[in-house]
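Read the structure below first, then the notes.
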2 protein chains.
Amino acid sequence: MTKPTMEDVARAAGLSRALVSLVMRGSDKVSDTSRERVLTAAAELGYRPNLAARHLASKRSLTIGLVLNDLHNPFFPEVADGVHAAATEAGYRVLINSGYLRGALEREAVESFIDLGVDGVLLAGARIGASDLEQLAARVPVTVIGRHLRSTSVDTVNNDDLAGGRLATEHLIELGHQRIVHIDGGQGAGSSQRRSGYSAAMRDHGLEPEVISAQFTEEAGLRAGRRLAGRPKPPEAIFVANDLAAVGVLGALADHGLRVPDDLSVVGYDNTSLAGIHHISLTSIDQDRQNMGRLAVEVLLERIGGGRRGAVHHVIAPSLVRRATSAAR
Amino acid sequence: MTKPTMEDVARAAGLSRALVSLVMRGSDKVSDTSRERVLTAAAELGYRPNLAARHLASKRSLTIGLVLNDLHNPFFPEVADGVHAAATEAGYRVLINSGYLRGALEREAVESFIDLGVDGVLLAGARIGASDLEQLAARVPVTVIGRHLRSTSVDTVNNDDLAGGRLATEHLIELGHQRIVHIDGGQGAGSSQRRSGYSAAMRDHGLEPEVISAQFTEEAGLRAGRRLAGRPKPPEAIFVANDLAAVGVLGALADHGLRVPDDLSVVGYDNTSLAGIHHISLTSIDQDRQNMGRLAVEVLLERIGGGRRGAVHHVIAPSLVRRATSAAR
DNA sequence: ACAGCACTTGACAGCGCTGTCGGAGCCGAT
DNA sequence: ATCGGCTCCGACAGCGCTGTCAAGTGCTGT
């Protein structure tokens, strides 16, 4: 029992293959009765067009590839929801791949999509370097989510990480904290901007910034948190570069008997589902991930459509969500 | 700047296209010098074989499709890690799709993979009905993870949910609890077995089982938790069908001022990263997800290879991980 | 009865690759 | 000199579909 082809459908419907092709492509120059016959014949046979063949012949696949930096970070699935919704509406199918937090695998994932012939690639939280991205964009339409790029060929969709970093820091300053430490996200997307926002806000208020280098993972947060908690005089507040790391920090603090927010406040970033969990209740900076996903698809499809040459850089405003981990001193 | 084809590589290398094809397919009847020349020419041109064309011609794609039921549940990314590792080792590429918790979308995801021409499909936490799965398996090799099926055409990889349900329940009984309620996972994969394990264990100890119907989501757990917490006499312990829902339950209990584990104990299932978070520290039943992912790939590749006709059903033993949400009364 | 229109056909070239063959060229071994 | 054994070539027939075109077909209206 091999898969039916167009030929089979045409025979079953008693019509020509050309007509079946037209119906499958949704042409309007087919009579309703013929369309009906083709469609029922196709349904009876369980016919589905072979995408590989279709793509080979038509140079388009109606498919976009979504590369997520890390499936374990709830941030990404939430972006994926938005992407899926928008893409589906536009008649595109979405294929997902994970970079498994490794630059090399991320690259592989993208190459794989290109080999497959997707019409465009969406990178969420890309680790790939800016110049590599530029090269990539010469081969296929690319939109990057959550990474700031001054590119003319790569579109981007971001939240304003600089403002977000500021927002978090100023929130802590307003609460009366002074010795505020930032645990950053290393090479992670948006990390440097958040760090800059933090530093700027600190200096604006005559405070000395201190940054501890880490990563966008729970594990890294845990380690950084331990270092801080182990100090003779721990900071009054910590702004952690993302929620996942913040959860690690919270764990480390608890291990050391430090109470949050009584002994010190903690603010995260992303406002992922983790932050909202009752037992965590992390004050965090929200970026509308679902919307970012949708926006990214729109931008990508514009470029695929070919209507645009220059790059578009969307920046959405982040907002503070107060929860139980931050309080006045 | 269009993509280079084999023809281009052949010309650049000064060799025939047939030879280039042989090199790309890793044939051993090519001299080392020729192979070298082809490879460097390919590298210089940035040539990569077109997968659509390759697949069309060869009837195989060296690609497997992985459909995850819900990206938001940390259980699935952890399975994905195992799948990716094993598949990569075997020279297969993995494409991911999410069912977004909806049966219809899950179906769509699978169809999409088939249209693309993947060599096999892996379903993690499938919602699709057993008979549909059977039909599916007639079209493409299928392995299901986390769902028990008495099928001769679909392979499965599971943990022993019945034993797991028992394990969780007996743990609570050993702690001296009697009024133990189970919040189940509705139609979710493995849910009915966990429920059975719970009921059997209760009856074995002369206790009356009570099941509250829910889902494998935090939201559903929250609602179910509220119902229980609102009772004049809440239960002494709750066994929740998965960690995600358990987190919801914990939130509901806390909202009602019930202390865990002082007032009542809670046990989850899956031992996901959520359970390990310090502030949650949920006692849970572990299933070795990474390993399940690997196993699923092996089984799938066996079937793809065609060496097997009958179905294989792997069942791995779950284990109890004690944490802070369960204690003696 | 005939033009005009809407639909349908069949044919063909082509997408980039696989897979298979007969045969050519070259080498060392006999 | 001869015979295999290697490599390599060129050609061909697909894979299932798209896209285009000239050439119908049947039906409508006048």
Side-chain angles (χ1 to χ4, degrees), chain A residues 1-39 41-42 45-63 111 114-119 139-140, chain B residues 1-39 41-42 45-63 93 111-112 114-119 139-140:
Chain A
M1 185 195 106
T2 173
K3 277 203 217 174
T5 73
M6 248 180 198
E7 191 75 53
D8 301 324
V9 177
R11 209 176 304 122
L15 293 166
S16 73
R17 187 177 53 195
L19 199 61
V20 176
S21 174
L22 286 178
V23 171
M24 288 305 158
R25 283 180 277 156
S27 164
D28 59 346
K29 34 191 55 185
V30 174
S31 69
D32 290 345
T33 59
S34 294
R35 182 189 315 281
E36 201 59 37
R37 265 166 70 192
V38 167
L39 256 24
L45 293 176
Y47 169 78
R48 297 205 114 222
N50 177 324
L51 289 186
R54 165 176 284 185
H55 164 235
L56 194 56
S58 75
K59 317 305 271 161
R60 50 190 310 218
S61 57
L62 288 181
T63 302
E111 292 296 345
I114 296 182
D115 297 347
L116 250 175
V118 298
D119 292 338
R139 299 202 281 150
V140 67
Chain B
M1 185 195 111
T2 174
K3 277 202 216 173
T5 73
M6 244 179 202
E7 190 74 53
D8 301 325
V9 176
R11 210 175 306 122
L15 293 166
S16 74
R17 187 177 54 195
L19 201 60
V20 176
S21 175
L22 285 178
V23 171
M24 289 304 158
R25 283 180 276 155
S27 164
D28 58 347
K29 32 193 56 184
V30 175
S31 68
D32 289 345
T33 59
S34 294
R35 181 190 314 283
E36 202 58 39
R37 265 166 70 193
V38 167
L39 256 24
L45 293 177
Y47 169 79
R48 298 205 114 223
N50 177 325
L51 290 186
R54 166 176 283 185
H55 164 236
L56 194 56
S58 75
K59 316 307 271 163
R60 50 192 309 222
S61 58
L62 288 180
T63 302
R93 126 193 50 247
E111 292 295 345
S112 190
I114 296 182
D115 296 347
L116 249 177
V118 298
D119 292 339
R139 299 202 281 151
V140 67

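So that the names make sense, note that chain A is the first sequence line, chain B the second, and so on, each numbered from 1.
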Please report the shortest heavy-atom distance between [X] and [Y], naming the atom on each side.
| X | Y | value |
| --- | --- | --- |
| B/Lys3 | B/Asp8 | O-OD2, 4.3 Å |
| A/Met24 | A/Ala42 | CE-CB, 3.9 Å |
| A/Ser61 | A/Asp119 | N-OD1, 2.9 Å |
| A/Leu19 | A/Val30 | CD1-CG2, 4.0 Å |

Could you give the [atom1]-to-[atom2] distance, from [X] to [N], as a whole number of Å?
| X | N | atom1 | atom2 | result |
| --- | --- | --- | --- | --- |
| A/Leu22 | C/dT9 | CG | P | 10 Å |
| A/Glu7 | C/dG10 | CD | P | 10 Å |
| A/Arg35 | C/dC7 | CZ | P | 10 Å |

Q) Does the side chain of B/Thr63 reach to within under 4.5 Å of the side chain of B/His55, using non-hydrogen atoms? A) no

Q) Less than 4.5 Å apart, any side-chain heavy atom of A/Asn50 and any of A/Thr5? A) no

Q) Just by modelled atom types, is the A/Ala13 backbone N or O under 3.5 Å from a matching donor or acceptor in the A/Arg37 side chain? A) yes

Q | A/Arg35 (side chain) donor-acceptor with A/Ser27 (main chain) under 3.5 angstrom | A | yes

Q: To the nearest 0.5 Å, tell me how far A/Leu116 CG sits from B/Arg48 CZ.
A: 11.0 Å

**Q.** CZ-CD distance between B/Arg139 and B/Glu111, expressed to the nearest 0.5 angstrom
**A.** 4.0 Å

Q) Under a 4.0 Å heavy-atom cut-off, which of residues 24-32 of chain B touch DNA chain D? A) B/Val30, B/Ser31

(Q) What is the first contacted nucleotide of DNA chain D and what is the last, in 5' to 3' order, if contact means an atom lying under 4.0 angstrom from a heavy atom of chain A? (A) D/dG16 to D/dG19

Q | Toward the 5' end of DNA chain D, by each residue's nearest nucleotide, A/Ser58 or B/Ser16 | A | B/Ser16

Q. Near DNA chain C, under 4.0 Å by heavy atom, which residues of residues 50-57 of chain A?
A. A/Leu56, A/Ala57

